[in-house]
**Student:** 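Below are the structure tokens for one structure; questions will follow.
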Amino acid sequence: MLELRILLNNVDGAVDRLKSRDPGFSIDPLALLDKKRRELIAEVESKKAEQNKTNREIGARKKAGDDPSDIYKKMKELSDGVKILDSELAEIQAELNRQIEVLPNIPAPDVPVAFDKSGNVKTASFGEFKRAEDWDFPFKNHLDVAMGLSPSGGLDFKRASKMTGANWSMYRGDLARLEWSLVMYFIDRATSDGRELIIPPYLVNSQSMFSSGQFPKFREQAYECRDDDLVLIPTSEVPLLNLYRDEILPDAALPMRLTSFTPCFRREAGTYGAEERGLIRVHQFHKVEVFSFTRPDESFSELEVIINYSRKVLESLKLPYRLMKLATGDLAQQSATTFDIEAWLPGQNTFSEVSSVSNCTDYQARRANIRYRPGDQKKPEFVHTLNGSALATSRTMVSILEHYQESDGGLRVPDVLKPYMQGQDRIEPLT
RNA sequence: GGAGGCGUGGCCGAGCGGUUUAAGGCGACGGUCUUGAAAACCGUUGUACCGCAAGGUACCGGGGGUUCGAAUCCCUCCGCCUCCGCCA
């Protein structure tokens, strides 16, 4: 949620920066509504003041044994006027809110300006981007590798479709164990620097989805249980943010560093393409998330902390990646700055996002009303919030399947995962 | 799922149709006193919005209604507690 005052006064060029990601944005309708709103407030509040004054008079006269019914007519007129003005004001305010709620965060000043992802900038990379033909045995893509693993194929799309629907998948056997070892490894990494681990509810109410920025604009992307007004979380960013909704954090608690493990559920309506078969884009995946609440002046240094943290995890798995700084047009609604870590997928001959690290500045904190009281200052201020994947399992698994495949169809277990596989260092091929 | 009870300021708690502009207490902060502290006493103590200001308006879990007037009456939703039922 943006602060209207910042847009109306164009603080630090806010209007132009907003236009750099949303070219259709115009301040004029907002300014007009706000002017009308102020006028109505002045009018209705002076009527209410008179109403209150007259009401006190009635009380005083009743107390004195005097019959005040002669001024009821005047009160009725005032009251009717107030009701009409109040409803007009409510309508203006609601329209203003509807327009502000869907506006995205203002990009940070150093974000590359472009209206789509072609403007993203590579800022680092790791490892060697080998192509399929560089392998010294016939390279298989992740699907073929997975389906060839013992004891019954590592993935079972056919039966997942039967019990649930298209584009759902299911891990089986040793590949399921490898998936789970990834989860445990990510959790151990994330908690090693003192982050508190949270296992939150996987369903949240729609207020929580509003606070994080998903609702109202991206409602169609979420799975909902409408009978109960509950939504399956698309990322644990949602419950982590809402942990402290409507609360004031003590200064000493910041920066507050949290992590969580949850499945993530996404409808991914209308996004499927042939290049996204298999595990690239699924309706349910596992993710270990890191999340920080910070003071406003330390959020950009915290962003670096989280980026480096996520990179190290991928590097420890020896999986090649590139680090991208997203352009204005590719930012998520709530983000002021985002860095994506994209794993190299030789089977697709492309890069695919395994982690996304964002500084949401005060955008979510305003929607969720999360503040802190700075030092000796009396007035609470909004915190900044940051989130990052560390990491998402499904696409990491794609990269593992392709990079760790062996010539006989087996799969080598990455060194760092062996302890979580009880020392097993290889998944055997189907016989 | 059934029955009942309860949601008032940072906390406790009174108020149950009009001098409530929400009593009183605790806590916190400031002061007096004291070598220092405690105690005692005095004072201060919410948020948001409109306004250049003076000042005004709103807020008693959320929303709606009744009324000239609602913390107070009615409806509805949410949350918490007690008991019963069911259940991993």
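Keep in mind that what you see is a predicted model, and the values were worked out from it rather than measured. Residue numbers begin at 1 in each chain, while the letters A, B, ... track the order of the sequences.
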**Student:** For U45(B), which nucleotide is its Watson-Crick or G-U wobble mate, given both distances must be under 3.5 Å?
**Tutor:** G27(B)
**Student:** Can you tell me the pairing partner of G9(B) across any strand shown, Watson-Crick or G-U wobble, with both distances under 3.5 angstrom?
**Tutor:**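 In the structure as shown, G9(B) has no Watson-Crick or wobble partner.
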**Student:** Would you indicate what Lys62(A) reaches in the nucleic acid, counting non-hydrogen atoms under 4.0 angstrom: base, sugar-phosphate, or nothing?
**Tutor:** base
**Student:** With sugar-phosphate meaning primed atoms plus P, OP1 and OP2, does Ile41(A) contact a base, only sugar-phosphate, or nothing at under 4.0 Å between heavy atoms?
**Tutor:**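 The residue Ile41(A) makes sugar-phosphate contact but no base contact.
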**Student:** Say you pick atom C1' in C59(B) and the same atom in G7(B); how far apart are they, in whole Å?
**Tutor:** 16 Å
**Student:** Roughly how far, to the nearest 0.5 Å, is the OG atom of Ser399(A) from the NZ atom of Lys318(A)?
**Tutor:**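 Separation between the atoms: 13.5 Å.
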**Student:** Would you tell me if any nitrogen or oxygen in the side chain of Ser79(A) comes within less than 4.0 Å of OP1 or OP2 on G69(B)?
**Tutor:** yes
**Student:** Whom does U67(B) pair with, Watson-Crick or G-U wobble, provided both distances fall under 3.5 Å?
**Tutor:** none
**Student:** Take atom CG of Asp246(A) and atom C1' of G61(B), then tell me their distance rounded to the nearest Å.
**Tutor:** 12 Å
**Student:** Check every atom of C49(B), C68(B), G51(B) against the side chain of Glu45(A) and return the nucleotide holding the closest atom.
**Tutor:**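 Closest nucleotide among those given: C49(B).
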**Student:** What distance, rounded to whole Å, do you find between the two C1' atoms, one in U8(B) and one in G13(B)?
**Tutor:** 9 Å
**Student:** What's the NZ-P distance between Lys47(A) and A58(B), to the nearest Å?
**Tutor:** 15 Å
**Student:** If pairing requires Watson-Crick or G-U wobble contacts with both distances under 3.5 Å, which nucleotide is the partner of G1(B)?
**Tutor:**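 With both distances under 3.5 Å, G1(B) matches C84(B).
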**Student:** Would you tell me if any nitrogen or oxygen in the side chain of Arg37(A) comes within less than 4.0 Å of OP1 or OP2 on C50(B)?
**Tutor:** yes
**Student:** Tell me whether the guanidinium CZ or amine NZ of Arg367(A) lies under 6.0 angstrom from the six-membered ring centre of Phe210(A) and within 45° of its axis.
**Tutor:** yes
**Student:** Considering only the P atoms, how many Å lie between G27(B) and C80(B), rounded to the nearest integer?
**Tutor:**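 G27(B) and C80(B) have their P atoms separated by 31 Å.
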**Student:** Give the rounded distance in Å between these two atoms: NZ of Lys48(A) and P of C49(B).
**Tutor:** 16 Å
**Student:** Which value, in whole Å, describes the distance between the C1' atoms of nucleotides C84(B) and U45(B)?
**Tutor:** 47 Å
**Student:** For the C1' atoms, the ones on A23(B) and on U32(B), what distance do you get once it is rounded to whole angstrom?
**Tutor:** 27 Å
**Student:** Going by the angle between their ring planes, with limits at 30° and 60°, are Trp168(A) and Phe265(A) parallel, tilted or perpendicular?
**Tutor:** tilted
**Student:** Is the ring pair His283(A)/Tyr223(A) parallel, tilted or perpendicular, if the boundaries are 30 and 60 degrees?
**Tutor:** perpendicular
**Student:** On RNA chain B, does the nearest nucleotide to Gly59(A) precede the nearest nucleotide to Ala49(A) from the 5' side, or the other way round? Give the residue.
**Tutor:**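 In this pair, the answer is Gly59(A).
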**Student:** Taking the C1' atom in each of G17(B) and C74(B), what is the distance between them to the nearest angstrom?
**Tutor:** 13 Å
**Student:** Would Val305(A) and Leu386(A) count as a side chain to side chain contact (heavy atoms under 4.5 Å, CB included) here? Give the steps.
**Tutor:** CA-CA 11 Å; Val305(A) 170; Leu386(A) 301 99; over 6 Å; no
**Student:** Check this one for me: any side-chain N or O of Asn52(A) less than 4.0 Å away from OP1 or OP2 of A58(B)?
**Tutor:**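 For A58(B), OP1/OP2 do have a side-chain N/O of Asn52(A) under 4.0 Å.
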**Student:** Can you find a pair of side-chain heavy atoms, one from Phe115(A) and one from Asp330(A), that are under 4.5 Å apart?
**Tutor:** no
**Student:** Please report the distance separating the C1' of A22(B) from the corresponding atom of G9(B), rounded so that it comes out in whole Å.
**Tutor:**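 Approximately 9 Å lies between the C1' atom of A22(B) and that of G9(B).
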**Student:** Is the gap between the ring centers of Phe261(A) and His286(A) under 6.0 Å?
**Tutor:** yes
**Student:** Is G36(B) paired to anything, Watson-Crick or G-U wobble with both distances less than 3.5 Å, and if yes, which nucleotide?
**Tutor:** none
**Student:** Arg56(A) has an atom CZ; how far is it from atom C1' of U19(B), in whole Å?
**Tutor:**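 One finds 9 Å between C1' of U19(B) and CZ of Arg56(A), rounded.
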**Student:** Distance check needed: U20(B) C1' versus Asn55(A) CG, whole Å only.
**Tutor:**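 Those two atoms, CG and C1', are 12 Å apart.
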**Student:** Send over the distance from Gln93(A) CD to C50(B) C1', rounded to a whole Å.
**Tutor:**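 So the CD-C1' distance, Gln93(A) to C50(B), works out to 12 Å.
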**Student:** Quote, to the nearest angstrom, the C1' distance that separates G15(B) from C73(B).
**Tutor:** 15 Å
**Student:** Measure CD1/Ile58(A) against C1'/A70(B) and give the value in whole Å, please.
**Tutor:** 14 Å
**Student:** Starting at the 5' end of RNA chain B and moving along, which residue's nearest nucleotide shows up first, Lys83(A) or Arg371(A)?
**Tutor:**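 On the 5' side of the pair lies Arg371(A).
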**Student:** For the pair made of CG in Asp86(A) and P in G64(B), what is the distance, rounded to whole Å?
**Tutor:** 10 Å
